[in-house]
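Structure, as structure tokens:
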Amino acid sequence: MKNSRKGFTLVELLIVIVVIGILSAMMMLSSTEAVTSAKASNIVSNLRNLKTAALAYYVDHLDAAEGKTTADEISKTFKDDVLKYLKASDSQTVDSNYDIVVNASGWFVTYTISGTDTEKTAIQNKLEGRAKSVGLCDGKTPNKDTYYSEANDKTVVGMFVR
């Protein structure tokens with residue numbers, strides 16, 4: 001009598017399903033880490049680009065600051081013009097989370113981290129490792145020891161414009 005077996009047993013199918021489940025769970029964890037790292041890199045890159053654009057615009061339009069007496073007047077003119085310049089010259093739009101701030105400590109380009117608390121924490125952890133090497137600050141003072149500030153449930157990271 002010939003014993004020919006067609007198909008798989010229930011145990012074999014269950015083992016394959018469990019292995020596929022474990023592999024997909026591992027892929028989800030690694031892809032989440034990669035996405036978070038990419039977002040942090042994108043934030044730093046955009047802050048650098050905004051800082052460069054702000055410096056270039058300020059040098060080219062130095063006379064725009066003359067006659068302005070308060071930081072608010074300078075900030076309003078400068079910020080509006082730089083953001084218009086970026087929107088007009090760049091094919092991508094400027095995210096509303098990016099901002100230019102002038103205060104007593106100087107000029108800053110800032111980014112407000114958005115998302116769920118888990119996403120914010122993950123991005124903050126990624127940025128923390130890069131803070132000193134890329135020049136991140138809290139958007140209030142050029143002190144490199146503090147790279148973000150929190151106010152009104154908003155987490156802000158910035159770069160000092162020199």
Side-chain angles (χ1 to χ4, degrees), residues 23-162:
L23 290 174
S24 65
M26 289 172 40
M27 288 298 297
M28 291 296 285
L29 290 174
S30 65
S31 66
T32 302
E33 183 76 17
V35 167
T36 303
S37 184
K39 283 182 182 179
S41 295
N42 191 26
I43 290 168
V44 170
S45 176
N46 287 342
L47 283 173
R48 282 183 178 161
N49 289 340
L50 186 56
K51 177 181 171 179
T52 302
L55 283 170
Y57 181 87
Y58 185 74
V59 168
D60 287 346
H61 299 86
L62 201 54
D63 58 333
E66 291 179 13
K68 309 287 187 203
T69 55
T70 66
D72 287 339
E73 289 178 341
I74 296 171
S75 177
K76 177 94 173 101
T77 301
F78 183 67
K79 176 181 165 182
D80 291 346
D81 288 349
V82 170
L83 293 177
K84 280 182 207 170
Y85 168 75
L86 284 174
K87 287 179 182 177
S89 66
D90 198 355
S91 59
Q92 50 186 316
T93 60
V94 178
D95 188 342
S96 62
N97 289 347
Y98 291 94
D99 200 4
I100 299 170
V101 176
V102 179
N103 61 30
S105 300
W107 298 78
F108 298 90
V109 290
T110 64
Y111 178 77
T112 304
I113 301 172
S114 58
T116 65
D117 288 340
T118 306
E119 290 170 344
K120 285 182 184 180
T121 303
I123 291 172
Q124 278 181 263
N125 290 339
K126 289 292 180 186
L127 290 173
E128 183 178 13
R130 303 173 188 176
K132 288 194 187 252
S133 63
V134 299
L136 294 178
C137 62
D138 64 2
K140 293 181 181 178
T141 60
N143 180 0
K144 297 287 192 280
D145 294 336
T146 307
Y147 74 96
Y148 73 93
S149 62
E150 291 188 33
N152 304 327
D153 288 336
K154 292 183 180 180
T155 304
V156 177
V157 63
M159 277 188 180
F160 183 57
V161 179
R162 298 183 194 275

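We count residues from 1, following the sequence as given. FYI, side chains are in, hydrogens and waters are out, and symmetry mates aren't considered; it's all heavy atoms of this structure.
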Any side-chain heavy-atom pair of Val157 and Thr110 under 4.5 Å: no
Any side-chain heavy-atom pair of Glu150 and Gln124 under 4.5 Å: yes
Side-chain H-bond candidate by donor/acceptor type, Asn46 with Tyr98, under 3.5 Å: yes
With rounding to the nearest 0.5 angstrom, report the [atom1] to [atom2] distance, [X] to [Y].
{"X": "Asn42", "Y": "Tyr111", "atom1": "CG", "atom2": "OH", "result": "8.0 Å"}
{"X": "Ile113", "Y": "Asn97", "atom1": "CD1", "atom2": "CG", "result": "9.5 Å"}
{"X": "Ser114", "Y": "Ile123", "atom1": "OG", "atom2": "CD1", "result": "7.5 Å"}
{"X": "Leu47", "Y": "Leu136", "atom1": "CG", "atom2": "CG", "result": "6.5 Å"}

Which residues share a side chain to side chain donor-acceptor pair (under 3.5 Å) with [X], sequence neighbours left out:
{"X": "Thr112", "answer": "none"}
{"X": "Thr52", "answer": "none"}
{"X": "Arg48", "answer": "none"}
{"X": "Glu33", "answer": "Lys126"}

Residue pairs involving residues 106-118 (criterion salt bridge (charged side-chain N to carboxylate O under 4.0 Å, His left out); sequence neighbours excluded): none
Over all atoms of both residues, closest heavy-atom pair of Arg130 and Ser37: NH2-OG, 3.2 Å
Minimum heavy-atom distance Val134-Met159, with the two atoms named: O-CE, 3.4 Å
Asn125: side-chain contact (heavy atoms from CB on, under 4.5 Å) partners, not counting sequence neighbours: Thr121, Glu128
